[in-house]
2 protein chains.
Amino acid sequence: MAKAAIASPWKNETERKTERALKREAVLAAAAHVFSERGYHRVSLDEVAQALNVTKPTLYYYFKNKEAMLFACVQHGLDMLEAAGSAAEGNGRTRLVAYLEGYAAVIETDFGRCAVRISDAELSEASRKKVRRIKSEIDRKIRQLVADGIADGSIASSDPKITAFALAGALNSIGQWHPRPSQPADRKLVDEYINLLMNGLAPR
Amino acid sequence: MAKAAIASPWKNETERKTERALKREAVLAAAAHVFSERGYHRVSLDEVAQALNVTKPTLYYYFKNKEAMLFACVQHGLDMLEAAGSAAEGNGRTRLVAYLEGYAAVIETDFGRCAVRISDAELSEASRKKVRRIKSEIDRKIRQLVADGIADGSIASSDPKITAFALAGALNSIGQWHPRPSQPADRKLVDEYINLLMNGLAPR
DNA sequence: AAACTATGTTACTTCAAAGTAGAAAAGCCG
DNA sequence: CGGCTTTTCTACTTTGAAGTAACATAGTTT
């Protein structure tokens with residue numbers, strides 16, 4: 001496939017479509033950043049616009065309204081959470097730990113924090129429905145990993161359902177507490193966290 | 001101490017003070033209920049007033065403004081969390097479990113859910129400071145219990161600080177998920193939850 | 001009774017922020 | 001060029017909810 005040796009300054013339709021998509025993503029990233037940091041209601045679209053060096057009506061060119069923007073952020077975050085650590089191999093326990101680590105990593109991103117911190121009550125009924133679908137998909141996934149672990153003897157648990165809920169909840173709390181996560185410290189936090197969940201506090 | 005055989009319809013100053021305090025508490029309870037269920041911003045004071053069969057200005061007779069109401073809710077919730085399970089005796093582990101159970105019970109109340117769900121970014125700087133003080137007091141308390149358990153050999157943990165953070169976070173997530181907690185199911189949830197935290201998922 | 005205090009109401013004002021109309025640039029194409 | 005589409009802007013309307021002024025009512029005290 002021959003590509004133009006020098007990039008043409010003129011854009012064909014495909015390129016323009018791509019550029020529009022990129023701008024839309026930039027809006028989303030800016031929104032996710034402030035939403036996750038300060039919360040949906042406390043952020044005005046004027047602020048989002050300012051952060052991007054444009055004016056508010058421009059945002060409306062890319063999104064129907066503020067809620068659509070929020071929904072896109074949450075959805076993206078949830079999609080990332082669902083896709084976390086899917087490549088892992090091994091017994092239930094190994095795969096579960098891999099997934100939890102991936103999950104924790106996502107939660108440290110703006111989109112992940114949006115997905116975790118934003119209450120679905122902010123969303124319209126239609127959006128909420130979609131969000132719930134992805135959330136229960138994630139829940140199902142964790143539950144499956146726990147069940148696999150129980151089956152192969154690598155995990156002890158009496159109730160995969162509650163366990164899955166507890167695991168997700170515990171990790172989500174990482175996203176709640178401090179608004180500005182410091183990169184180096186968090187690695188240890190997450191490791192310790194997962195270690196606690198897997199091994200508990202009982203003395204050996 | 002002789003008490004009036006029949007309640008007098010006339011009130012002395014003390015009684016009036018009490019009545020005012022009761023009404024103030026009623027406002028607070030109504031506010032905590034809706035705040036914890038739907039979130040601070042999505043609740044209007046007109047709604048709170050309506051739930052109490054009064055009008056909005058009446059609320060301003062009992063609270064300076066909306067934020068003062070929120071702060072009172074959060075503070076009350078945090079105070080309850082701090083006081084949870086303080087009476088327990090035994091080794092570190094026993095006392096920790098007792099505290100966590102109390103903590104979980106508080107989180108199922110409106111005030112507890114307020115304390116846990118409301119982001120401190122909603123509050124003014126002054127209120128936030130006070131909130132943070134109580135929160136770190138709670139954190140210190142859990143940390144102490146963990147440390148005690150480590151000292152007496154009833155708990156295995158490499159880092160009381162992170163452990164305390166994880167424990168609180170995991171329990172807090174109970175308050176996040178479902179807006180309408182069903183009483184009977186939750187007991188099992190909480191037990192399972194605490195069991196997971198104490199014993200982990202490792203097979204014996 | 002008259003004055004005072006506590007409690008509540010009606011009927012506003014104010015304000016921030018969402019959303020919009022319509023024009024102006026900028027880029028593309030016959 | 002002159003018209004077409006895409007993108008962005010300026011300048012506005014609208015709205016929802018916080019907060020307030022000023023009055024009404026009733027109980028309390030002198």
Side-chain angles (χ1 to χ4, degrees), chain A residues 4 7-28 30-31 34-35 37-73 118 121-124 127, chain B residues 4 7-28 30-31 34-35 37-73 118 121-124 127:
Chain A
S8 163
W10 289 278
K11 288 146 194 163
N12 60 25
E13 197 178 326
T14 326
E15 280 174 318
R16 270 186 282 114
K17 279 248 171 71
T18 314
E19 188 162 306
R20 183 182 160 90
L22 282 176
K23 285 185 181 173
R24 199 188 135 101
E25 274 165 40
V27 170
L28 215 56
V34 285
F35 285 166
E37 209 160 64
R38 315 222 329 272
Y40 181 59
H41 282 284
R42 265 155 305 159
V43 168
S44 78
L45 292 187
D46 277 317
E47 289 175 71
V48 177
Q50 198 165 17
L52 292 162
N53 291 317
V54 294
T55 58
K56 182 168 51 139
T58 299
L59 304 183
Y60 281 87
Y61 181 63
Y62 294 98
F63 289 91
K64 189 173 157 284
N65 53 32
K66 195 183 180 188
E67 195 243 294
M69 226 181 260
L70 179 68
F71 173 66
C73 287
I118 307 293
E122 311 276 5
L123 300 165
S124 69
S127 307
Chain B
S8 163
W10 290 278
K11 289 144 194 166
N12 62 25
E13 197 179 325
T14 326
E15 281 174 319
R16 268 186 283 116
K17 280 248 173 68
T18 314
E19 189 162 304
R20 183 181 160 91
L22 282 176
K23 285 184 181 174
R24 199 188 137 102
E25 274 165 40
V27 170
L28 214 56
V34 285
F35 285 166
E37 209 160 64
R38 314 221 330 272
Y40 181 60
H41 282 285
R42 266 155 303 157
V43 168
S44 77
L45 292 188
D46 278 317
E47 291 176 69
V48 177
Q50 198 165 17
L52 293 161
N53 292 315
V54 294
T55 58
K56 181 167 51 132
T58 298
L59 304 182
Y60 282 87
Y61 180 63
Y62 294 96
F63 289 91
K64 190 173 156 285
N65 54 30
K66 193 184 181 188
E67 195 244 293
M69 225 179 263
L70 178 68
F71 173 67
C73 286
I118 306 292
E122 311 276 5
L123 300 165
S124 70
S127 306

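Worth saying up front: this structure is predicted, and the values here are computed from it rather than measured.
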Would you indicate which nucleotide in [options] comes nearest to any side-chain atom of [X]?
X       : options               : answer
B/Arg20 : D/dC9, C/dT7, C/dT10  : C/dT7
A/Asn65 : D/dC9, C/dG19, D/dT7  : C/dG19
B/Tyr60 : D/dA18, C/dA18, C/dT7 : D/dA18

When all nucleic acid strands are considered with a 4.0 Å heavy-atom cut-off, which category describes [X]: base, sugar-phosphate, or nothing?
X       : value
A/Lys56 : base
B/Val48 : nothing
A/Tyr62 : sugar-phosphate

In whole angstroms, how far is the [atom2] atom of [N] from the [atom1] atom of [X]?
X       : N      : atom1 : atom2 : result
B/Lys64 : D/dA18 : NZ    : P     : 15 Å
A/Asp46 : C/dT20 : CG    : C1'   : 14 Å
B/His41 : C/dA17 : NE2   : C1'   : 13 Å
A/Tyr61 : C/dA26 : OH    : P     : 16 Å
A/Leu59 : D/dT7  : CG    : P     : 14 Å
B/Gln50 : C/dT9  : CD    : P     : 12 Å
B/Glu47 : D/dG16 : CD    : C1'   : 11 Å
B/Tyr40 : D/dA17 : OH    : P     : 13 Å

Original post:
Does A/Phe63 reach the side chain of A/Leu28, with side-chain heavy atoms less than 4.5 Å apart?
Top reply: yes
Original post:
Do the side chains of A/Tyr62 and A/Arg20 get nearer than 4.5 Å, heavy atoms only?
Top reply: yes
Original post:
Taking only N and O in the side chain of B/Thr55, is any of them less than 4.0 Å away from OP1 or OP2 of C/dG8?
Top reply: no
Original post:
For C/dT7, does either OP1 or OP2 sit under 4.0 Å from a side-chain N or O belonging to B/Thr58?
Top reply: no
Original post:
For the salt bridge (charged side-chain N to carboxylate O under 4.0 Å, His left out) test, which of A/Arg42, A/Lys56, A/Arg38 pairs with A/Glu47?
Top reply: A/Arg38
**OP:** Test for a donor-acceptor pair under 3.5 Å between the base of C/dA17 and the side chain of A/Lys66, counting only N and O atoms.
**Re:** no
**OP:** Verify, without hydrogens or angle tests, whether A/Lys66 (side chain) and A/Tyr40 (backbone) share a donor-acceptor contact under 3.5 angstrom.
**Re:** yes
Original post:
Want to settle it: does A/Ser44 or B/Pro57 sit nearer the 5' end of DNA chain C, counting the closest nucleotide to each?
Top reply: B/Pro57
Original post:
Do you see a donor-acceptor pair shorter than 3.5 Å between the side chains of A/Glu122 and A/His41?
Top reply: yes
